[in-house]
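Below, chain A is the first sequence line, B the second, and so on; all start at residue 1. Remember, it's a predicted structure, so these values are computed and weren't measured experimentally.
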Amino acid sequence: MENKKEKILVTSALLYVNGLPHLGHVVGCWLPGDVFARYNRTKGNDVIYVSGTDDYGTASFISAKEVGMKPEEFIHTMNTKIKEIAEKLCISFDKFSETNTETHKETTVDFFNEIYKNGYTVEKESTMLYCEHDKIALADRFVYGTCPYCGYEKAYGDQCDQCGKTYELDDLKSPKCSFCEKDAVKKSTKHIYVSLDKIQPELQKWVESKKDVWRPHVYSMTNKWFKEGLKPRCITRDIPWGIQVPLKDYQDKVFYVWFDAPIGYISITKELGGDEMVKDRWQNKDCKIYNFIGKDNIDFHAIFFPSMELACKKYNLAENVVGFNFLNFEGQKFSKSKKVGIFCNNLMNSDIDIDALRAYLVSIFPENKDSDFTYEGFKLNTNAELVGKYGNFFNRTLNMINKNFGGALEIDYDDIKNSLDENDNEMIEAIKTLPDQIGELFSKTEFRMAYKEIMRFASIGNTYLEKTAPWSLIKNGDINGAKKVLYLCLNMAKALAIVASPIIPNRTAEIWTEQLNFEGRPDGQDMWEKASKINISKSHKVNLPKPLFARLDDEIIERYKQELSHPFDIKTLKK
RNA sequence: CGCGAGGUAGAGCAGCUCGGAAGCUCGCCGGGCUCAUAACCCGGAGGUCACAGGUUCAAAUCCUGUCCUCGCAACCA
C-alpha cells in the first residue's frame, strides 16, 4: 500500500518576544512540530515547517522602553536569542522568522482588506482608558484602581483580587496606568470588529468535520464557544506598536496582536518561498496544515483565526489543530519568579545531551493531559531506555560483528532464508511490520506511543539476542548460525536508527555514518520505507561501536538542576 | 450547582473514543546469560481499576449520583 506523497505545512505557535522560552513551549509546540515534520520528511512527504516570534503587543512595547531600546531593536535582540535556542534544540524549522517584517505587514493588510471588502467588519464606538504619558490604551491587566465594591486600591481593570468581584472597566474608580502609575484618562474611540456571529455557521461546519481528527479536549473546548454563540470581536488597539490599520480615521490604531500573529504563518511561508509557496501551501486543497499549539492557544487556532480565514476567503483552514496540554515541573507549575522549571537560555552553555532531553520530553508529551517533568524521570529514561535498551542493542550487535567477523558478515538474506527458525521469523516479522506501525503513530501525532513502540522494538532485538545467543553459537562452532542472527540484528539496527530519527536526530545520524557505515542520513527524504527492508549487502562492513548515550548519575543530575533553573531576565539587556 | 483536569499494584503512568480474561516503566523477590555503558533476558509477589447504583451475556471502559485531589491574580505555553 504505497501512499502518495503528501504536501504538509507544519506550524508551531509564534512565541511572544517578551521573554525566552522555557521547556513548556518546547514540549507543547516546537518539539512535537519538529518530530512530526522530521517524520514526514523521512516518510517522503513534502513538508515545510515554519514558526517565528510575535513581535507586537503592549508588553513588548513596554519592555523595550524598560531596557532603553527601540521596540525594533528589542524584538530583534530577543528574536535572535530565541532562534539560537531553537537551533540548539535541533528544531528543524525551514523558516523561523518574525512578524515585524514588510512581508508580514503587506500580508496582514491584504488579509484585512479582504475581510473588509467581504463585509465581515463592523465599526463600534467604545470608551477606553488611555495613558497620556505612555501613549497607549490600557487593557484590563495594565490598569489598576479602586474597586467599586470593596474599595481595594489595587484592583485590576475588570476584577478585584480582594473581593473577587468582576465589573466593567468603566466602573473602576480613579484608574491608573500600571506602567507609570499616572492617572489614566477615559477616551471615546472607534474600533473595528470582525463579525464572528455571521461566520459561525460555516465555522461550526468545519469544526464538526474535525470531530475524529482533533484531540477530544481540543474539540470540546472549541464547541463550548458555539453554545454561547460567537460575538463580534475587536481587532484594533490604540497603541503605537503594531501594524497600522489601513483605513481613514484609524491612522493612530494598530491591529490587535492576535489578529496579525496567526497571519504570520502565512507571511513566513511567503518569506520562505514567495507567492508561489503560499499558493502551494495555503491555497491548494491538497496541502494539509498542522498547527502545533499549547492549550492556551486553542481558542485562537480553532475559533478566531479560522473565522478570519473564512471571512477572508483566500486561505485554507487547518487539517489538525494539535493542542497540547501543559507541562509541570517536579509537581509544580513552571514559574519564573519562583525559579521552578528549566529555562532554555541556560541550555546554550550546558553540556546536557539534547537528544536525551528530546527523548525524555517525547516520552512525557502532555498529549491528553498535563504531565510532569522530573529529573528522576529524565535520568531513568536515559539510563534504562536509551542506554540500556536502545543504545545497548547497537553496541552488542556491532561489537560481535567486529570482534568475530572483522566487521563484515559476507552474507545476505538469500543465504539465510532457508534456515530460519521460529525466533528468526519473529525477528523478521518485527522488522517488516513495526516501522509502519510506528510511522502510523507519528502521523496520528501520537508521539508518546510511538516512542514507547520504538523502545519495545529495541527490546525485541535484545530478547532475540538472548534467545539465540550468538556468542554461544560461535563458541560451539556454528559460525553460519551466528552470522544469520547478526545479519538480522544488523538489519534491525538499521531500522531502529531510521524510526528513532525524528526524536533523536543527532545520535541516529551519528550511528548511521560512524558505526553502521551507511551513506546519507537515517532521516533523509524517503528513508522510512527502507527501515522495513532486510537488504543489507553481502560486503557491507560496519565500524567499531561506541556508546551512543552516556549514563547519568546523581552528580550530573544535581549539576543540571543548578545550571538550568535560572530564568532569563530582560533587565540584563538594559543599556 | 464557576471552569477545567484527575482518582488503575509501593511509586510514576498507559488503557477508557469503538465494552469481551487488568498492562508498561521503576522498585522488590528468585533465576539465567556474560556479546554489551554493573548493561541484557526470563519468572514471581503485589490491584475489590475512588465509592455507590444502573445498562449489558459481559464494564476500568457506557449512564446516573457521591466523595476526594490538583490548576484557574501576575511572570508563564
Side-chain angles (χ1 to χ4, degrees), chain A residues 12-16 18-19 21-30 59 140-141 144 154-156 158-162 164 166 178 211-212 215-217 219-221 224 292-298 323-328 331-341 343 363-364 366-372 374 376-377 379-389 391-404 448-449 452 455-456 458-459 461-475 482 485-486 489 545-552 567 569-570:
Chain A
S12 173
L14 301 195
L15 193 58
Y16 203 46
N18 208 39
H22 60 61
L23 270 194
H25 188 80
V26 174
V27 101
C29 308
W30 282 4
D140 299 332
R141 46 188 277 231
Y144 68 93
K154 294 271 178 184
Y156 284 96
D158 58 345
Q159 185 176 29
C160 171
D161 278 353
Q162 184 146 300
T166 59
S178 306
K211 190 172 192 301
D212 298 323
R215 291 221 161 83
H217 74 274
Y219 184 77
S220 65
M221 249 175 113
K224 242 188 329 197
F292 285 86
I293 56 168
K295 67 177 169 188
D296 56 324
N297 269 343
I298 288 173
F324 271 61
N325 289 294
F326 281 173
L327 183 71
N328 292 319
Q332 287 182 281
K333 278 183 66 171
F334 273 75
S335 163
K336 282 187 182 173
S337 56
K338 289 184 204 149
K339 297 197 177 188
V340 173
F343 301 96
S363 81
I364 57 165
E367 289 168 11
N368 296 315
K369 59 182 183 189
D370 293 355
S371 65
D372 199 23
T374 62
E376 195 52 37
K379 183 179 139 192
L380 197 65
N381 184 66
T382 302
N383 293 347
E385 305 292 320
L386 297 176
V387 174
K389 289 202 178 85
N392 191 28
F393 177 72
F394 288 95
N395 215 0
R396 303 172 86 181
T397 302
L398 295 177
N399 236 309
M400 281 188 269
I401 296 177
N402 271 292
K403 276 192 188 164
N404 300 294
R448 250 188 353 194
M449 193 53 94
K452 221 174 153 184
M455 289 306 140
R456 193 171 71 85
S459 274
N462 281 317
T463 306
Y464 176 65
L465 277 175
E466 215 60 43
K467 282 185 183 162
T468 55
W471 51 90
S472 303
L473 296 175
I474 291 165
K475 239 183 241 170
V485 168
L486 292 173
C489 285
K546 199 172 66 182
L548 257 195
F549 290 94
R551 293 183 65 80
L552 295 173
D569 183 357
I570 58 165

For atom [atom1], what is the distance between [N] and [M], given to the nearest Å?
N      : M      : atom1 : answer
C62(B) : G19(B) : C1'   : 7 Å
U56(B) : A14(B) : C1'   : 26 Å
A50(B) : A60(B) : P     : 10 Å
C40(B) : U25(B) : C1'   : 16 Å
G47(B) : G10(B) : P     : 8 Å
U48(B) : A22(B) : C1'   : 13 Å
G7(B)  : C13(B) : P     : 9 Å
U66(B) : C3(B)  : P     : 14 Å

Can you measure [X] atom [atom1] to [N] atom [atom2] for me and round it to whole angstrom units?
X         : N      : atom1 : atom2 : value
Phe393(A) : A36(B) : CZ    : P     : 15 Å
Lys379(A) : C26(B) : NZ    : C1'   : 11 Å
Leu327(A) : C76(B) : CG    : P     : 17 Å
Leu465(A) : C41(B) : CG    : P     : 10 Å
Asn383(A) : U25(B) : CG    : P     : 16 Å
Leu386(A) : C26(B) : CG    : P     : 13 Å
Asn392(A) : C33(B) : CG    : C1'   : 13 Å
Glu466(A) : U34(B) : CD    : C1'   : 9 Å

Identified pairing partner of [N], criterion: Watson-Crick or G-U wobble below 3.5 Å:
N      : answer
C35(B) : none
G47(B) : none
C62(B) : G54(B)
C70(B) : G4(B)
G10(B) : C26(B)
G19(B) : none
C76(B) : none

*Is Lys369(A) near enough to G4(B) that one of its side-chain N or O atoms lies under 4.0 angstrom from OP1 or OP2?*
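No, Lys369(A) has no side-chain N/O under 4.0 Å of OP1/OP2 on G4(B).
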*According to a strict under-4.0 Å criterion, is Lys452(A) in side-chain N/O contact with OP1 or OP2 of G23(B)?*
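No, no such contact exists.
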Scan [X] against the nucleic acid and name what it touches under 4.0 Å (heavy atoms): base, sugar-phosphate only, or nothing.
X         : value
Gly388(A) : sugar-phosphate
Lys224(A) : sugar-phosphate
Lys338(A) : nothing
Asp372(A) : nothing
Ser459(A) : sugar-phosphate
Pro547(A) : base
Tyr16(A)  : nothing
Ser337(A) : base
Ile474(A) : nothing
Asp370(A) : nothing

Side chains of [X] and [Y]: closer than 4.5 Å at any heavy-atom pair?
X         : Y         : value
Ile364(A) : Asp372(A) : no
Tyr464(A) : Cys489(A) : yes
Leu386(A) : Met455(A) : yes

To the side chain of [X], which of [options] is closest?
X         : options                : result
Arg396(A) : U25(B), C35(B), A77(B) : C35(B)
Leu380(A) : C76(B), U25(B), U37(B) : U25(B)
Thr463(A) : U37(B), C41(B), U25(B) : C41(B)
Asn462(A) : U34(B), A77(B), C40(B) : C40(B)
Phe549(A) : A77(B), U37(B), U25(B) : U37(B)
Asn399(A) : C76(B), A36(B), A77(B) : A36(B)
Phe326(A) : A77(B), C35(B), A14(B) : A77(B)

*In terms of the nearest nucleotide of RNA chain B, which residue is placed more toward the 5' end: Asn395(A) or Ser335(A)?*
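First, find each residue's nearest nucleotide; the 5'-ward one identifies Asn395(A).
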Could you tell me whether a side-chain N or O of [X] sits under 3.5 Å from a main-chain N or O of [Y], the two making a donor and an acceptor?
X         : Y         : value
Asn325(A) : Asn368(A) : yes
Asn404(A) : Met400(A) : yes
Gln332(A) : Val340(A) : no
Asn328(A) : Asp370(A) : no

*For Asn383(A) and Ala550(A), which heavy atoms make the closest approach, and how far apart are they?*
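Asn383(A) and Ala550(A) have their closest heavy atoms at OD1-O, 4.4 Å.
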_Whether the side chain of His217(A) and the base of A5(B) hold a donor-acceptor pair under 3.5 Å is what I'd like checked._
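No, the side chain and the base share no sub-3.5 Å donor-acceptor pair.
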*Hey, what's the ring geometry for Phe343(A) with His22(A), parallel, tilted or perpendicular (30° and 60° as the breaks)?*
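Rings of Phe343(A) and His22(A): perpendicular, as their planes differ by over 60°.
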